[in-house]
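So that the names make sense, note that chain A is the first sequence line, chain B the second, and so on, each numbered from 1.
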Amino acid sequence: MLLALILVTPALAGLAFALPSGKDRAWLLPLGGALNLFLALAAIFFDAAPAAEGWLALDPLGKLFLGFGAVLFALLSIYAPAYLHLRAERPNRVMVACLLVFPGITNAVLLSHHLGLMWVALEASTLATAPMIYFNRNARSLEAVWKYLLIGSVGIALALLGSLFLAYAELHENLVASLRLEDLERIAPSLSRPWLRTAFVLTFIGYGTKMGLAPMHTWKPDAYGEAPGLVGALLAGSMTSCAFLAVLRFFHLCVAAGEAAFARELMVGFGLLSMGVAAAFMVKQHDYKRLLAYSSVEHMGILVLGMGLGGNATFGSLLHLLNNGMTKGVLFLSAANIHRAYATKSVEETRGALRLVPWSASLFLLGFIAITGSPPFGPFVSEFTILEVAVREGRYVVTALFLTFLLIIFVGMSSTVLSVVQGKPPAHLERPHRQESFLLLAPIVIFLACSLGLGLYLPPPLEALLREAAGVGVP
Amino acid sequence: MGFASTLLVIVLLLNFFMLGASRVRAVINGSAMQGVVLGLLAVSVHAHLDLEIVLIALVAGLVKGLLIPRMLMKAMRGGAIRREVEPLVGFMPSLLLCAVTTGGALVFSSTLPLAPQHAGSLLVPTSLATVLAGFLLLITRRKAITQVVGYLVLENGIYVMGLMLLEAMPFLVEVGVLLDLFVAIFVMGIIINHINREFSSLDTSRLTALREE
């Protein structure tokens, strides 16, 4: 079962590569999305047994991330054929193949209980996403993909060094050298402390680069700005969550080893720094796709901040992962629809989207309201949970900074978003008819419904899974 | 340990050589030399040789010392570039920086306790110093090829660390490292070709369209 999760969609990618017709090929994507979702749900509900000698296993944390990734990919795969049809002038062989390989690779990251295998899969995800960013084949996307590859590879290399340091922490104490999670958690208390700490710092920086935490976030605005919106949503939702899980694996080892305090402070610090940097760049941002990239930097900061605070904030952080992913789906896809109608990402030339593309613009506006933490949407609930813990634990500096950054981001983001949707569209643009077809809007509406639904009502099985994954009971 | 230490010192000296060289060809040759030395190192740090270690040494030497440098040389000829003109940080300052980071690596690694079988070994400081040298090369140079060499040097540093774990870690992970490195460089090579065609140059300082105004 677990092996199938890794192998099925790449097999479809092979088929996509062989198919001669671009139009038929694009319809393999919803098929892959549905198959992947079906397999993921089956694995979650039937508690799939470990595979490959225990290298692959499904724990509560893995279940949460696996289900989330599968839903996200399934929704994006509905959007993809309609999008690729609009961009029929571009060959889509590589794009479709990479998109189909992607869920297989990310599933490998989420399922692997061996840190070496997890690392290989994360590196593979970097390589598989690079051609997608370069889909438009112009000078700007080339620049973006170069930065993405170079910075991402350096991050991944540091994470490898960290993993080796961890292995040495075992070797030094004459323990059995194994990078399997179960073994590591058992022997964690007797690991060599200086090596473990260095290992955590290196992997946190390394995988943090893949998450896009400041100050290692510099690839993000370029990559998200130049990649198609579909790819942006996939990177911001799915790939960053894989890197987050990798950070969590190492964090849990630190906790098991009794080094939690050290790791937590590091995470709170980087979380706040990311929020601050994002806030600084989101004010007066002229490019609405780059704006979304900085918003992603902000929310990755919130995720590690919640983890760093611990207790119930851990639950808030995992819930925020889902909320952020769903809301980013709304924002990236609707921004992509607006972008196509105007053929520019510059705020100065994009006015009156509500008149030109009313559906997409309304969804974009609602997505903005959701992502900035306004009730009743999901991100409000999860951010509030994290904030509550910060207040209750007397972390007043953290609370004050958290609220200040959220406020600056709300103001900065609203000025850009409002000037895009309001006003009069430029005279030379006519209202396009094909741009707002059903398949280009339905996934966005579902994303928004998820974001709203998570804010209004958390189904008990999902809440139980979140609590189990966070390792906290009902408060 | 004597021979291994000599090799490690050569690795450190090559870091300085690459950071001080202005000709791209010399930088690539430096990385090729380093690759060969690393292959020898894998054999020399292990007291009892078995087939696995010899094989890893051979593959590392071939990929790092021959395959990748040849690919980079080809890309360089295609891009018709010879020199790293105007690096972001000059050659003398980057040498000084390299001296500082190497010193820092020595100091920091003295705080990390070593297992008895590695006592007195230079592997950890060399590894950290090489990682930092690669990082310096990466951030201070403008040419795409020199940046790739920087990444290669960074990976070399990690490989040195991996040597300490060769007996303890499964073969699979070690081969994964090499494979991954090769694929990453291969993909970067493809992009270099695209940069070349798009901008008629391999100067990443032309890649400046994307930034905050």
| task | Using non-hydrogen atoms and a 4.5 Å limit, figure out which bit of L112(B) sits close to chain A: side chain, backbone, both or neither. | result |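 Both parts, backbone and side chain.
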Give, as side chain, backbone, both or neither, the part of L114(B) having an atom under 4.5 angstrom from any heavy atom of chain A.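 Contact with chain A is through both the backbone and side chain of L114(B).
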Using a cut-off of 6.0 Å, state whether more than 12 heavy atoms not belonging to [X] lie near its atom [atom1].
X       : atom1 : answer
F135(B) : CZ    : no
R70(B)  : CZ    : no
E53(A)  : CD    : no
M161(B) : CE    : yes

[X] and [Y]: which non-hydrogen atoms are nearest, and at how many Å?
X       : Y       : answer
H172(A) : A115(B) : CD2-N, 3.3 Å
P113(B) : Y168(A) : O-CE2, 4.1 Å
A157(A) : L154(B) : CB-CD2, 3.4 Å

Taking every heavy-atom pair that is under 4.5 Å apart, which of T218(A), D287(A), L158(A), T198(A) has the most such pairs with chain B?
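The option with the most such pairs is T198(A).
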Side chain, backbone, both or neither: which part of [X] has a non-hydrogen atom closer than 4.5 Å to chain B?
X       : result
E170(A) : neither
S153(A) : both
K147(A) : side chain

Do F165(A) and L165(B) touch side chain to side chain, with heavy atoms closer than 4.5 Å?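 Not touching, per the 4.5 Å side-chain cut-off.
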* Asked: Between CG of L138(B) and CD1 of I151(A), what distance do you get to the nearest 0.5 Å?
  ->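 It is 9.5 Å, given to the nearest 0.5 Å.
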Please report the interatomic distance CG(L160(A)) to CD(E155(B)), rounded to the nearest 0.5 Å.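 Going from the CG atom of L160(A) to the CD atom of E155(B) covers 6.5 Å.
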- Pairwise side-chain hydrogen bond (donor to acceptor under 3.5 Å, both in side chains) hits with a residue in residues 126-138 of chain B, at least two apart: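 side-chain hydrogen bond (donor to acceptor under 3.5 Å, both in side chains) check on residues 126-138 of chain B returns N15(B)-T130(B).
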